[in-house]
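Below is one structure, written out as C-alpha cells; comments come after it.
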Amino acid sequence: MKQYLNISAEVKSALQNNRPVVALESTIISHGMPYPQNVQTALMVEQIVRDAGCVPATIAIIEGKLTVGCSKDQIDLLGRLGQQVTKVSRRDIPFIVAKGLNGATTVASTMYIASLAGVQVFATGGIGGVHRNAEKTMDISADLDELQQTSVMVVCAGAKSILDIGLTLECLETRGVPVVGFQTEDMPAFYTQKSGFKVDYRLDTAREIAEAFFVQRKIGLQGGMLVANPIPDSYAMDSKYISDNIQRAVEEAERLGISGKETTPYLLDKIQRLTGGKSLQANIQLVYNNARLASQIARELCKLK
Ligand code: PSU
Ligand code: MN
C-alpha cells in the first residue's frame, strides 16, 4: 500500500506528534468552482486551517499517487486543468492509480484516503446525496455509503437543494451516520441556514463534537459523522431566489439528459452561471467557515487522545 500513498512531510510529522490535521477535498477545486477562484479558495482554506493551529492536508491523486497534503503547485494544477482532471469517487480510485493519472477526489474518495493516512477530520462545502428524482434515476452519491463505512468526520454546510435533502437524511439514518448540527437544530441547505429538516443532534461547541466522535471510535463503531455547519447569516442567500435557480438548473439537466457523475458538476456550474457568480461568493464563504470549525474540532480531538 505504501507505494501508492504519498503523505507530505508536514502532514506525516503532525500525525506522528498528535498535532491536528484537517483533510480537504479536490473535486471542489477541479469540478466545483471556476478558475481562478477555485485555486484562490483552496489556498485560502489552507491558510485558515494553519491560522487555527492545524496542518491542512489537501487530498488528490497526483500521477497515480494517493496524495495527502498537496503542494501549492499541485493545487494550482488541479484548478487550472479543472474539468480535464478526472473526478474520482471510490470506484474510480484503482484505475486512476494504475494508470498513473491525476484525479480530483470527491468526499467519498477523500474520506477513504484520509483514513488510510490516519486523518480523522475533513472540511468541505457540501456532500453528495440523494438526487431529486432518485426514485426514478437511482442517483445516490457514493458519499453516503462512504460515511457508513469510513471513520472520518465530515464538516459541511449541509447539502445543496440540488439534492432531495429529506431523502438524503433518511439514507444517512439507515446507514447509521449521525448528523450533528453545530449550534443549530436545523439541517442547513448550503446557501441557506435552514432546509426545513432537522438534524439528529445539536451540539454547541467543538469540544462536544470531538467528544462524541472520540466515543464513536473508542467503542468500535465504524463509520463517519456528518457535522452540519450553517453558512454565516451575513453570507446566506435569499431562499426563494436560490431555490428558483436550483429548480431551473435541475430542469435543464433533465432536459439535456445529463446523468451519472456529470450531474453534480453540471448543476454546480449552471447555478453559478444563473446567479451571476453570487452563489460562488456564498460557496466560498461557507467553505471558509467549515475550515474554521473543522480546525477547532481537530484540535479538541488531539487533546482527547
Ligand atoms: N456539492 C457541492 N460542491 C461540490 C460537490 C458536491 O456543493 O464540489 C462535489 C463533492 O466532491 C462531492 C461530489 O463529494 O461533488 C459528489 O458527487 P456525486 O454526486 O457525483 O457523488
Ligand atoms: Mn451520482
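On a predicted model such as this, the values are computed, not experimentally measured, just so you know. The basis for the numbers below is simple: all heavy atoms, side chains too, and nothing from hydrogens, waters or symmetry mates. In listed order, ligands and their atoms are each counted from 1.
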What heavy-atom pair brings [X] and [Y] nearest, and what distance separates the two atoms?
X    : Y    : result
L226 : L172 : CD2-CD1, 3.8 Å
V21  : A14  : CG2-CB, 3.6 Å
A294 : A123 : CB-CB, 3.6 Å

- prompt: What protein N/O/S atoms are found closer than 2.8 Å to the Mn ion (ligand 2)?
  reply: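 Within the sphere that stays under 2.8 Å of the Mn ion (ligand 2), the protein atoms of type N, O or S are D139 OD1.
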### Message
Check this for me - ligand 1, V107, N or O atoms closer than 3.5 angstrom, yes or no?
### Response
yes
N/O separation below 3.5 Å, S141 to ligand 1:
yes
Per-atom contacts of ligand 1 with [X], taking only distances under 4.0 Å to non-hydrogen atoms:
X    : answer
K87  : 17 (O), 18 (P), 20 (O)
F190 : 7 (O)
K160 : 2 (C), 3 (N), 7 (O)
D143 : 12 (C), 14 (O), 16 (C)

request  = Note the single closest protein heavy atom to atom 9 (C) of ligand 1, along with its residue, its atom name and the distance in Å.
outcome  =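 For atom 9 (C) of ligand 1, the nearest protein heavy atom comes out as T27 CG2, 4.0 Å.
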among protein heavy atoms, the one nearest atom 6 (C) of ligand 1 is G126 O, 3.5 Å
Self-check item: Over-ring placement of R217 relative to F213, 6.0 Å and 45° cut-offs
Solution: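 Yes, cation above the ring, under 6.0 Å and within 45°.
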Without hydrogens or angle criteria, can the side chains of [X] and [Y] be said to hold a donor-acceptor pair below 3.5 Å?
X    : Y    : result
E300 : Q296 : no
Q285 : N289 : no
Q216 : S151 : no
T150 : E146 : yes
E254 : N133 : yes

Of L286, I127, T264, the one whose closest heavy atom lies nearest atom 15 (O) of ligand 1 is T264
Going by the 4.0 angstrom heavy-atom rule, the piece of L268 near ligand 1 is side chain
Within the 4.0 Å heavy-atom cut-off, what E25 brings close to ligand 1 is side chain
Quiz item: Charged N to carboxylate O under 4.0 angstrom, K72 versus D76?
Solution: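 D76 and K72: not salt-bridged.
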Q) When you measure from the side chain of S295 to the backbone N and O of A291, does any donor-acceptor pair fall under 3.5 Å? A) yes
